[in-house]
Amino acid sequence: MIIEKHEDPYFKSCSSHSHIRKNWLGSIVFPFSALLQQSEFSDLTDVLERAQIFKKTCKAMFPNRRITTTVFNSEGIQILVTRYIKALNPPQQFLDMFLHDSSTTLDLIARFVSLIPIVPDILDENDGFDIWMTSERCISLAIGNKEEHAILLCNFFLYFGKKALVLLGTSMLEGQVAYVLTQETNEYLLWNPLTGQCHKQFDPFCPLQSVDCLFDDGNVWFNIQQNNTPMAVHFDYLKESFWKQLLPKNFQGTKPHTIQVTGFPIQMPYTDVESIIDAVYQTGIHSSEFPQTEFALAVYIHPYPNNILSVWVYLASLARYQ
């Protein structure tokens, strides 16, 4: 508590001191895993219900077109696909290159994403049991499925101020695919995150066969145009005659936060407390540029014979990305 203490009641505006008094309120102990689960805000129930109804309606209109509105995260929680989209800074060397040649940098970033090994989908997306990792997790594990590759590339492009969305469709060569759609001044570009190639909308050599669905951090759009080939599609997704949107413009529900919660453990042998503190500082987790960032910390020490100790330090940075 900050308490103001004035030297003289007649000169309150001239001279004063503030004192900080700390009042201990209590303590609580709970598992670190529970803390992480509490930090992830579940979607509103009505939004998830709306998403299921929306998907059924779209499938009734065009049964063969792809539409994904919700998936399960790594914690087994069903969430909107929009929560995976947020601007993400790529590795520093790409940031340095962007200052000199922005267009080439974007091509290299697409190439970088394409080099991440792909894991094949083992579940049918129509079953509604898709599990997606966050972009941070995809980078950390250096592996991802088709959709996770597209989301990662989309998030990198958003960091550079590009207007980017994830596109779900089909390809003559790869079957079901996920591309990234970017809007340039006079044209739309289609990025294949698995090859790093970029195609213009009217490129006859683009392997994309159908454009079925788009989503960004705020909404999901389903293509209701009769012809869904890339060359024939109108990508103006704000026109309701071309695209059916999940959330209406006047939707009063709370926009869900993204789910990027960054956390990791540190395991090291115990020598002294200073070494452990240095290891925590070296992670740089405290150097957050986002306002109102919260931090979580938990420590576990496992004893072995002869006074040998194994130290586990769990760290997490919790930020609400609007």
Side-chain angles (χ1 to χ4, degrees), residues 43 47-73 78-86 121 123-132 135 144-155 157-158 163-183 188-194 199 201 206-249 251 256 258:
D43 291 340
V47 176
L48 293 178
E49 291 178 353
R50 175 187 289 269
Q52 295 301 322
I53 296 174
F54 177 82
K55 182 176 181 178
K56 292 180 180 179
T57 302
C58 294
K59 277 295 186 180
M61 298 172 63
F62 295 95
N64 295 326
R65 295 187 184 182
R66 300 180 60 197
I67 174 65
T68 299
T69 55
T70 64
V71 295
F72 288 89
N73 64 10
Q78 188 178 22
I79 59 176
L80 292 177
V81 295
T82 57
R83 293 183 62 188
Y84 285 87
I85 305 299
K86 75 173 184 68
D121 292 322
L123 297 174
D124 187 351
E125 67 178 21
N126 292 324
D127 295 335
F129 295 106
D130 269 358
I131 301 175
W132 291 359
S135 292
N145 61 24
K146 296 177 180 179
E147 291 80 11
E148 290 159 352
H149 277 72
I151 289 171
L152 178 61
L153 182 59
C154 180
N155 289 341
F157 283 171
L158 290 175
K163 181 62 177 176
L165 302 92
V166 174
L167 181 155
L168 301 181
T170 57
S171 166
M172 295 180 291
L173 303 178
E174 303 168 275
Q176 294 185 344
V177 293
Y179 274 48
V180 176
L181 176 72
T182 59
Q183 183 177 355
Y188 290 93
L189 299 181
L190 301 164
W191 299 79
N192 186 339
L194 301 186
H199 300 274
Q201 179 183 359
C206 178
L208 188 64
Q209 191 173 16
S210 71
V211 177
D212 300 333
C213 174
L214 297 172
F215 67 87
D216 61 9
D217 65 335
N219 216 333
V220 179
W221 292 270
F222 180 71
N223 184 6
I224 57 175
Q225 301 169 64
Q226 290 299 322
N227 191 339
N228 64 342
T229 59
M231 288 188 180
V233 166
H234 294 276
F235 281 109
D236 188 357
Y237 49 86
L238 297 181
K239 291 187 176 181
E240 297 182 359
S241 59
F242 296 149
W243 297 87
K244 182 178 180 62
Q245 59 185 9
L246 169 61
L247 302 177
K249 298 178 182 179
F251 181 69
T258 60

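With sequence neighbours excluded, the residues forming a side-chain hydrogen bond (donor to acceptor under 3.5 Å, both in side chains) with T170 are S210, listed by chain and number. Partners of E174 according to the side-chain hydrogen bond (donor to acceptor under 3.5 Å, both in side chains) rule, which considers only residues two or more places apart in sequence or in another chain, are N192. Residues that satisfy the side chain to side chain contact (heavy atoms under 4.5 Å, CB included) test with Q225, not counting sequence neighbours, are N223, V233, H234, F242, W243. Residues passing the side chain to side chain contact (heavy atoms under 4.5 Å, CB included) test with A178 are E147, A150, L168, sequence neighbours excluded. For I224, the side chain to side chain contact (heavy atoms under 4.5 Å, CB included) criterion is met by M61, F62, F222, K244, not counting sequence neighbours. Take Q209 and apply the side-chain hydrogen bond (donor to acceptor under 3.5 Å, both in side chains) test, not counting sequence neighbours, and it matches no residue. Taking the side chain to side chain contact (heavy atoms under 4.5 Å, CB included) definition, one finds that Q245 meets it with N219, W221, E240, K249, sequence neighbours left out. Remark: F157 pairs with W191 by the ring pair (Phe, Tyr, Trp, His ring centres under 6.0 Å) rule, at least two apart or across chains. When the side-chain hydrogen bond (donor to acceptor under 3.5 Å, both in side chains) test is applied to T229, the partners found at least two apart in sequence or on another chain are N227.
When side chains are defined from C-beta on, I151 counts as touching I85, because their heavy atoms get closer than 4.5 Å. With contacts defined as side-chain heavy-atom distances shorter than 4.5 Å, the pair F235/L165 does not qualify. In this structure the side chain of R50 reaches within 4.5 angstrom of the side chain of P248, judged on heavy atoms. Taking 4.5 Å as the limit, every side-chain heavy atom of L190 sits out of range of all side-chain heavy atoms of V211. Taking 4.5 Å as the limit, every side-chain heavy atom of F215 sits out of range of all side-chain heavy atoms of L80. Looking only at side-chain heavy atoms (C-beta outward), T70 and F54 stay at 4.5 Å or farther from each other. Within the 4.5 Å cutoff, the side chain of Y84 has heavy atoms near those of the N73 side chain.
K163 and D216 make their closest contact through NZ-OD2, 4.2 Å (heavy atoms, listed as atom of the first residue, atom of the second, distance). Contact between L247 and G218 at its shortest, heavy atoms only, is CD1-O, 3.8 Å. L246 and A51 get closest at one heavy-atom pair: CD1-CA, 3.6 Å.
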Does the side-chain contact (heavy atoms from CB on, under 4.5 Å) test come out yes or no for L208 and H199, once each step is laid out? CA-CA 9 Å; L208 188 64; H199 300 274; over 6 Å; no
side-chain contact (heavy atoms from CB on, under 4.5 Å) assessment of V81 paired with D130: CA-CA 10 Å; V81 295; D130 269 358; over 6 Å; no
Just do the side-chain contact (heavy atoms from CB on, under 4.5 Å) check on K146 and L194 with the steps written out, would you? CA-CA 7 Å; K146 296 177 180 179; L194 301 186; 3.9 Å; yes
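Between the side chain of K59 and the backbone N or O of R66 there is no donor-acceptor pair closer than 3.5 Å. Side-chain atoms of S171 come within 3.5 Å of backbone N or O of P207 as a donor-acceptor pair.
Looking at T69 and Q52, their side chains never bring a donor and an acceptor atom within 3.5 Å of each other.
Interatomic distance, CG of D217 versus CZ of R83, reported as 12.5 Å (0.5 Å rounding). Once rounded to the nearest 0.5 Å, the distance linking CG of L167 with SG of C154 reads 10.5 Å.
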